[in-house]
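A short worksheet on the structure shown next.
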Number of protein chains: 2
Amino acid sequence: MIYKESHILILNNIARFIDLTELEKQKYLSLLTEIKVKKKAYLMQAGDVTKYEYFITKGCLKVYTLDEDGVPHISMFAVEDYWTGDMASFMTKQPSRYFIRATEDSELLGISRANYNLLFQEIPKFERFYRILYQRSLISYIRRSNHGISLTAEERYIEFKKKYPKIVNRITQKDLAGYIGITPEFMSKIISKVNRM
Amino acid sequence: MIYKESHILILNNIARFIDLTELEKQKYLSLLTEIKVKKKAYLMQAGDVTKYEYFITKGCLKVYTLDEDGVPHISMFAVEDYWTGDMASFMTKQPSRYFIRATEDSELLGISRANYNLLFQEIPKFERFYRILYQRSLISYIRRSNHGISLTAEERYIEFKKKYPKIVNRITQKDLAGYIGITPEFMSKIISKVNRM
DNA sequence: GAAAAAAAATGAACTAGTTTAAGACTTTTA
DNA sequence: TAAAAGTCTTAAACTAGTTCATTTTTTTTC
């Protein structure tokens with residue numbers, strides 16, 4: 001069976017944790033929806049009830065909230081081979097507080113709530129896949145939540161560059177500031193300082 | 001079948017997400033180890049390779065790292081009906097960077113790495129249990145990692161009190177400061193300010 | 001239940017990060 | 001390809017949070 005590139009990417013991602021038969025692969029792919037978002041377009045906005053969980057096959061998106069003063073706080077950048085969405089809204093059907101916006105023309109595969117639930121009935125192995133996926137995300141978010149509280153902004157920037165060297169060059173300094181949790185002005189100072197070192 | 005109190009607690013915790021037969025309950029309980037820790041004693045220390053994941057049936061523990069200056073950064077407080085441990089070390093067998101220390105005489109149920117893996121073979125439903133458990137933890141850590149970066153210390157304190165009203169009264173101000181990510185001196189100021197309001 | 005140890009409060013001097021404002025540079029759009 | 005919009009830099013005045021030092025209060029220990 002010959003698969004298109006985006007399908008190869010998602011099947012390889014899943015093959016890290018579970019093995020699927022040809023039939024299961026085809027069944028799984030049939031549950032996905034292809035989605036394209038142009039640069040600057042919104043995949044979702046605060047107030048929406050999330051319909052999908054997403055896997056990115058091409059491009060880059062930012063996930064963020066706006067605080068009372070309208071200042072954006074970026075929760076993650078999602079590029080090829082990343083999963084994203086608002087799991088809280090997806091699970092509870094409550095309106096989301098997040099915006100997801102493309103910073104480049106992007107392509108995604110989405111799984112709807114109905115299909116997500118169906119998936120576990122049809123191919124119970126996916127419980128294992130998501131168990132391991134969430135377990136790993138959890139490990140990295142636990143670390144991030146500690147670092148957000150205990151490191152200085154400069155240390156967080158150095159960590160980010162080390163951990164995501166490929167993402168740094170694809171995003172604006174302003175968005176990086178929104179992720180690190182500081183103003184764009186202070187981000188500018190940190191970068192010029194770190195580059196001077 | 002009559003179960004002891006600690007077993008009822010853990011079985012009820014699991015029953016939130018999956019249903020077990022009597023036989024499965026007994027099989028599951030047989031995989032657990034009972035552990036007691038006196039107040040101030042360590043359940044584990046940095047450098048150890050974690051042997052267990054824990055469920056607390058009685059007491060209170062703090063999970064923390066020490067930074068280069070020896071300042072503690074508290075990652076979570078675990079009380080009755082909470083799960084804790086160092087999942088990164090548990091999964092990878094790498095030495096942990098965490099300390100877990102009892103702040104009250106405590107009782108726990110531990111599952112060893114071998115039994116954790118066995119569990120999924122013997123009762124595959126547990127993949128689902130852990131999938132949902134990790135999914136929910138993930139949602140709350142994503143929120144916490146954003147708040148750590150975007151809220152002021154005072155806002156984080158107010159959130160903590162609202163979210164964990166029962167824990168606030170069981171821990172010292174110093175430990176709370178280590179969780180909020182500020183010095184004990186500044187914690188003291190915030191508390192007296194918030195109480196005055 | 002007295003002595004020792006740890007936690008909490010207070011204050012003054014300090015530093016990391018913000019705010020506001022203005023000018024230079026880069027990207028987008030018509 | 002010119003104009004508009006957005007991004008980046010720099011700097012001065014400001015604020016949230018730290019550091020260090022001292023005293024008071026509470027908890028632990030024998």
Side-chain angles (χ1 to χ4, degrees), chain A residues 37-42 60 62 64 66-74 77 99 101-105 147-161 168-197, chain B residues 37-41 59-60 62 64 66-74 77 101-105 147-161 167-197:
Chain A
V37 238
K38 284 257 169 241
K39 180 167 179 171
K40 291 196 180 177
Y42 292 93
C60 182
K62 55 184 175 184
Y64 63 97
L66 293 181
D67 68 20
E68 322 81 60
D69 304 324
V71 177
H73 297 280
I74 295 182
F77 298 103
F99 297 80
R101 196 175 187 190
T103 64
E104 302 173 1
D105 290 353
H147 283 181
I149 278 169
S150 64
L151 301 185
T152 63
E154 184 175 325
E155 289 167 329
R156 276 176 270 147
Y157 167 63
I158 291 168
E159 280 244 331
F160 185 86
K161 263 196 6 182
V168 168
N169 311 304
R170 287 170 77 170
I171 59 178
T172 62
Q173 250 173 248
K174 195 187 168 196
D175 280 344
L176 184 52
Y179 179 90
I180 300 278
I182 56 176
T183 58
E185 292 86 347
F186 193 51
M187 187 79 256
S188 172
K189 272 180 210 167
I190 287 176
I191 289 176
S192 76
K193 183 185 167 201
V194 170
N195 288 344
R196 254 183 287 116
M197 299 200 310
Chain B
V37 240
K38 284 255 170 243
K39 181 167 179 172
K40 292 196 180 176
C60 182
K62 55 184 174 185
Y64 63 98
L66 293 181
D67 68 21
E68 322 80 62
D69 304 323
V71 176
H73 296 280
I74 296 182
F77 299 104
R101 196 174 186 193
T103 64
E104 302 172 1
D105 291 354
H147 283 180
I149 278 170
S150 64
L151 301 185
T152 63
E154 185 175 323
E155 289 167 329
R156 276 176 270 147
Y157 167 63
I158 291 169
E159 280 246 330
F160 184 87
K161 264 198 5 183
I167 296 184
V168 168
N169 311 303
R170 288 170 76 170
I171 58 178
T172 62
Q173 250 172 248
K174 196 186 169 196
D175 279 344
L176 183 52
Y179 179 90
I180 300 278
I182 56 176
T183 58
E185 291 89 344
F186 193 51
M187 186 80 256
S188 171
K189 276 175 206 169
I190 286 176
I191 290 176
S192 77
K193 183 185 167 202
V194 170
N195 289 344
R196 257 184 286 117
M197 300 199 309

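Every chain is numbered from 1 and lettered A, B, ... according to where its sequence line falls, protein lines coming before strand lines. Quick note: numbers below take in every heavy atom, side chains included, and nothing from hydrogens, waters or symmetry partners.
Thr152(A) comes within 4.0 angstrom of the backbone, heavy atoms only, and of no base. Note on Thr183(A): a base of the nucleic acid sits closer than 4.0 angstrom, heavy atoms only.
For Glu185(B) and dC14(C), the CD to P distance is 17 Å, given to the nearest whole Å. Distance CG (Asn195(B)) to P (dT10(C)): 11 Å, rounded to an integer number of Å. Here dT10(C) presents its P atom at 14 Å from CD1 of Ile190(B), a figure rounded to the nearest Å. Atom C1' of nucleotide dA13(C) and atom NZ of Lys189(B) are separated by 11 Å, given to the nearest angstrom. Remark: P of dA13(C) and CZ of Phe186(B) are 18 Å apart, rounded to the nearest angstrom. Taking atom CD of Glu154(A) as the reference point, atom C1' of dT18(C) lies 17 Å away to the nearest angstrom.
Under 4.0 Å is where a charged nitrogen must lie from a carboxylate oxygen, and between Lys39(B) and Asp105(B) no such pair does.
Heavy-atom distances to DNA chain C give each of Arg156(A) and Pro184(B) a nearest nucleotide, and the one nearer the 5′ end belongs to Pro184(B). When each of Lys40(B) and Leu151(B) is assigned the nucleotide of DNA chain D bearing its nearest heavy atom, the one mapping closer to the 5' terminus is Leu151(B).
The minimum heavy-atom distance between Asp175(A) and Ile74(A), with the atom names listed, is O-CD1, 3.3 Å. The two residues Ile149(B) and Gly148(A) make their nearest non-hydrogen contact at CG1-CA, 3.9 Å. Contact between Lys40(B) and Arg101(B) at its shortest, heavy atoms only, is O-NE, 2.8 Å.
Of the residues Tyr157(A), Phe77(A), Tyr64(A), the one that meets the ring-ring contact (aromatic ring centres under 6.0 Å, His included) test with Tyr179(A) is Phe77(A). Among Glu155(B), Arg156(B), Glu159(B), the single residue meeting the side-chain hydrogen bond (donor to acceptor under 3.5 Å, both in side chains) criterion with His147(B) is Glu159(B).
Contact between the side-chain N/O atoms of Lys39(A) and the OP1/OP2 oxygens of dT28(C) is found at a separation under 4.0 Å.
Between the side chain of Asp69(B) and the backbone N or O of Val71(B), no donor-acceptor pair lies under 3.5 Å.
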Check the pair Ile190(A), Val194(A) against side-chain contact (heavy atoms from CB on, under 4.5 Å), reporting the backbone distance first and the verdict last.
CA-CA 6 Å; Ile190(A) 287 176; Val194(A) 170; 4.0 Å; yes
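Of all the residues in residues 171-182 of chain B, Gly181(B), Ile182(B) reach under 4.0 Å from DNA chain D with at least one non-hydrogen atom.
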For residues 181-188 of chain B, dump all side-chain donor-acceptor pairs below 3.5 Å to protein atoms at least two apart in sequence or in another chain.
| unit_1 | atom_1 | unit_2 | atom_2 | d |
| --- | --- | --- | --- | --- |
| Thr183(B) | OG1 | Phe186(B) | N | 3.2 |

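Contact footprint of chain A on DNA chain D: nucleotides with an atom under 4.0 Å from a non-hydrogen protein atom, first to last in 5' to 3' order, dT7(D) to dA12(D).
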